[in-house]
*Asks:* 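The following block contains the structure, expressed as structure tokens.
This is a predicted model, so every value here is computed, not measured.
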Amino acid sequence: MHSLVGKGSIYICVLFLFCFSLSSSKDTENHKPRFTVDIFHGIVEENSDRITLDPPLFVEDGDEGQNGQICRIFIQEDDIPFTIDVVDADTGEGVIAPKSPDLMDCEQSREWHFHIRAEDCAERRRRSHSAEVHILVNDSNDNAPKFKSQSYEATVNEGVITTDFLRLEAVDDDCSEANSMICGYEIVTPDVPFTISQQGSLSTTKELEAVQQSYFLAVVAADCSHKRSEPVMVTVHVGHVCIPGWKDFPQKVQLSSDETAQFLAPKSYLETCGNPVCNNSEVTTTLTLQTDHIGFGCDRDTYSLKSQRENCNAEAGAVDLLPSPSQQSPWMANLNTDEGNESEKVFFFDGQSSQATLPEKVAPKNVTDRFSISFWMKHKPRVGGDKEYILANSDTEGSNKRHYAVYLHNCRLTFLLHRESDATDIEFPSEYRWKLDHVCDSQWHRYTFNVQYPQISLFVDTKLYETSRITNDWPLPHLGTSTTLTVGAAWNGASSTYSGFFKGYLAGMSILPGNTESEQVISCLFACKEGLSIDMGNLPLEVVHLNAEGTVLTLKGSLKGGFSQVLKKVSYYNSRTFPTPGSRDLLIETTAMCDNQEIHIPDIHGFIVLSQVPVPNIIVTGDASVAYTVAELHDGVKVLESVSISNQAEEDEGEVDQDTGETDTTYYARLEHLDSCQVTVVTPFKTGERLSLNEDICKKYSVNAVSSDEGLIITGVKTVATYEAILRQVVYINKAPNSTPSRTLSVRCSELNERFVSNAFEIEVSLVHKKAPPHQSKSGGHLPNHFQVKSQLYSGKHHAPTVVKRSSSPAMTLVLVVCVGFFMFMIVVGVFRVYTTRKVNKALDDKQDMDWDDGPLNITVNPMEGPIEPVAEDSSDDDYDDDCSEMSSSSEEEIPVCVEYKGSPLEWDDSNLKF
């Protein structure tokens, strides 16, 4: 019996264990707790302990039984004034509540952000993911307004109604805008001749008399819920009529042409109209010079970008992306440009089609991890629309990928730089954004991007601005494809179109590959040549601040320290050699406080006038014509050895003014430097023809020379004498002079990026087949000027027949045949004239030693000309110059040869004459 009972107990235990194992297998811990949403939003009233949560706080767990219950919800951060309780473990419902209602103070913290997690009740508790909780504390208007000052004091003049003579200001500490807004002020003192506006400005309601010297007012402020402040006391003094302000300050300041600086007001002083003695006083005066209408915001040097960089000792190698339109920069021809020469060239982009695409040979190379981009820009606000590309370097064909770019969108400036890498699993910084007011303020600013990847620094004018946002992107693969650099738009290689057109003004754009600009260079390139300055001396100033442009000067001091004399030491300067004439508006604003009472100082509106500076008169002169042999032209000749550059400092009388009877006289100033000279031709050079300048000459004088089919351009800021010496070294080479026997060169020099331009001096280079050697007479003496080759300006006088050596030309032969047939009777007259000439010349010495070309002599005779007059023996070179005409020959037909003979007439051999 006992054995049966024992066996039964064993069976029962085994059965229990089996059932328990089955139960356990059905409730395994397979799930983690999970919040129903990732973000919970709550609202709590100020000083309340109830939070309205949306959506309600619930945690789900897919397990059954105890494993599916939620035991705890906790806050991850410390110092959070909230607690979380689980109100239902089965449903996972939780409640968030403040630790104390006093902690719900909107003025201390209007919003709370924290993260929460949940734990289940399993033996091995599992935690949920993190969820965010945002709780907003609603303001309950529990603060009354209060004034910023404990009392106010002001002075008004007798006999006048004064408006807004004192401004009272109250604040409300409530955190919401509705409860913290001050909606009005009220004078609670009855029967006083004052009124106060809703903005807190006091005014008089009638003319006051100085008999009652002071008034005492009680003023309260109220918010929009009509909660009122404690009264503040206002004392108003009535004084005699006096207008405080700066006295003896001239409205107009004239700067003569020979002055570079002048004090603005050497006799000025500050009148405070006998205000009560101040225990504490503060005066701030700000002088603002308005120069926005001049150039890029002020007078600056207008040299070319390259010359400006040289003057500022900038790194070499910068590529000018917006050069002045010329034959060397044809891609700039279609852009609209400011033709004024008072400042650097300015280009307008219309936002529809304007763009400049640089040729591949001009576009800068090595623009990778270290480089600099600089430009001037003026841009109006533009919201919405497409991106506006200032410049972009894109794939030439096949895709629209941008390698680097600068663009605007919604007044945000973005620099795009895509790295090239074979890595496909790494993102690199690619977009750098700045939110700046400058890009849409319709004013000129200079932007400089210094790239030292991955760092990119932006200087606006001279101030460094930090990047507001950086975005990563995948790199571009190393494909070695060609790229297209465009200014004012972006090239789309996939569709061969442009997009993202820029609308605004650009100038002075450059890229410096492989290097960055120093802050000293950035400041130098931005620096103004005009501005305000102050002679500090022993002036009682606490603060003196001058902006980078030199146009805003701020002075701060005390009334006790003799501040009233400071404007005597402020001056205007303009160090530019040829400043922009005209007026500059000047605004002087002053604020003065005496024991927390404002002394109203009227603003001063004046202007500075710059007289017209005498302009330089650059004149290029020299021989009007030169002639060389085939061999000389083949080897190269210095055709400008006679060139001279003069700078006349004189006056030129113009027209008489009909009203005043005075002569309008233009005065010319002496110029010390030039920045460019160019030697050009009307028609491009042919093969084998060019102008050149020895590289050693360029290095010696530190200039740059660019030669092309249109001529030679020399650039660099150098003295007038230096440019004269350089031009005399210019070599003209013609390997095939017979095809171009005559070439006219034009020489023109300029200063300040063509602000001042010389005359276009022309020199004719001609081919002579054989120069006459010096000869001797029978007596052994030289015959000076026996045979001369010259090219002179046509004077309109009649001359002796001119001997011309013709070059063979089928076209000319045809012309001659036609002329002979048409003018046969004229030829008969010509024969008669030749016969007459021979008879006149028989007195000539038959043995005179003349070395003529034995070949057939072709003579062109004007049959309408009279008989040849013998030339007197004592005729001088000057007489010859007056009588010998210049022959304009074509490039293929005739070489002008002017023949002079002296002494007895020459006897001609007419055996080979052909008519």
*Asks:* State whether Lys378 and Asp441 are salt-bridged, where the test is any N-O pair (Lys NZ or Arg NE/NH1/NH2 against Asp/Glu carboxylate O) under 4.0 Å.
*Replies:* no
*Asks:* Would Asn143 and Asp174 count as having a side-chain donor-acceptor pair, cut-off 3.5 Å?
*Replies:* yes
*Asks:* Any donor-acceptor pair under 3.5 Å linking the side-chain atoms of His113 with those of Glu132?
*Replies:* no
*Asks:* Checking Tyr215 against His237 for the ring pair (Phe, Tyr, Trp, His ring centres under 6.0 Å) test, could you report, in this order, the C-alpha distance in whole Å, the side-chain angles of both residues, the deciding distance, and whether it holds?
*Replies:* CA-CA 6 Å; Tyr215 289 86; His237 304 283; over 10 Å; no
*Asks:* Output, in order, the C-alpha distance, side-chain angles, deciding distance and verdict of side chain to side chain donor-acceptor pair (under 3.5 Å) for Thr291 and Thr551.
*Replies:* CA-CA 8 Å; Thr291 59; Thr551 56; 5.3 Å; no
*Asks:* If you take the centroid of each ring, where Trp contributes its six-membered ring, are Phe114 and His134 closer together than 6.0 Å?
*Replies:* no
*Asks:* If we ignore angles and hydrogens, is there a donor and acceptor under 3.5 Å between the side chains of His41 and Asp54?
*Replies:* no
*Asks:* Regarding Gln251 and His605, is there a side-chain donor-to-acceptor distance under 3.5 Å anywhere?
*Replies:*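 Absent: no donor and acceptor within the cut-off.
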*Asks:* What pair of heavy atoms forms the shortest contact from Ala507 to Val346, and how long is it?
*Replies:*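 Of all heavy-atom pairs spanning Ala507 and Val346, the closest is CB-CA, 4.2 Å.
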*Asks:* Go through the steps for Asn450 and Ser372 under the test side chain to side chain donor-acceptor pair (under 3.5 Å), then give the verdict.
*Replies:* CA-CA 5 Å; Asn450 276 344; Ser372 182; 3.0 Å; yes
*Asks:* Using only heavy-atom distances, determine whether the side chains of Ser571 and Ser533 contain a donor-acceptor pair under 3.5 Å.
*Replies:* yes
*Asks:* Gln254 and Ser611: side-chain donor and acceptor closer than 3.5 Å?
*Replies:*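 Note: Gln254 and Ser611 side chains meet the donor-acceptor criterion.
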*Asks:* Salt bridge or not between Glu519 and Lys463? Use side-chain N to carboxylate O under 4.0 Å.
*Replies:* no
*Asks:* Assign the ring pair Phe526 / Trp376 to parallel, tilted or perpendicular, where the plane angle (0 to 90°) is split at 30° and 60°.
*Replies:*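 Judged by the thresholds at 30° and 60°, the geometry between Phe526 and Trp376 is parallel.
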*Asks:* Answer yes if the side chains of Asn547 and Glu549 hold a donor-acceptor pair under 3.5 Å, and no otherwise.
*Replies:*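 Yes, because at least one side-chain N or O of Asn547 sits under 3.5 Å from a partner of the opposite role on Glu549.
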*Asks:* Could you tell me whether the side chains of Ser281 and Ser558 share a donor-acceptor contact shorter than 3.5 Å?
*Replies:* yes
*Asks:* Report the residue from Phe459, Tyr447, Phe449, Tyr407 that forms a ring-ring contact (aromatic ring centres under 6.0 Å, His included) with Trp434.
*Replies:*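 That would be Phe449.
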*Asks:* Using only heavy-atom distances, determine whether the side chains of Arg446 and Thr462 contain a donor-acceptor pair under 3.5 Å.
*Replies:* no
*Asks:* When rounded to the nearest 0.5 angstrom, what distance separates NZ in Lys99 from CE in Met104?
*Replies:*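 Nearest 0.5 Å value for the NZ-CE distance: 10.0 Å.
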*Asks:* Regarding Tyr572 and Glu530, is there a side-chain donor-to-acceptor distance under 3.5 Å anywhere?
*Replies:* yes
*Asks:* Assess whether a salt bridge exists between Glu431 and Arg433, defined as any Lys/Arg side-chain N lying under 4.0 Å from an Asp/Glu carboxylate O.
*Replies:* yes
*Asks:* Knowing that exactly one of Ile39, Ile80, Ile96 qualifies, which makes a side-chain contact (heavy atoms from CB on, under 4.5 Å) with Val133?
*Replies:*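 Looking at Ile39, Ile80, Ile96, the match for Val133 under the side-chain contact (heavy atoms from CB on, under 4.5 Å) is Ile96.
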*Asks:* For the side-chain contact (heavy atoms from CB on, under 4.5 Å) test, which of Leu270, Thr591, Ile599, Leu555 pairs with Val283?
*Replies:*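 Among Leu270, Thr591, Ile599, Leu555, the one meeting side-chain contact (heavy atoms from CB on, under 4.5 Å) with Val283 is Leu270.
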*Asks:* Which atoms form the tightest heavy-atom contact between Arg110 and Cys175, and what is the distance?
*Replies:* NH1-O, 3.7 Å
*Asks:* Would you call Lys247 and Glu271 a salt bridge, using N to O less than 4.0 angstrom?
*Replies:* no
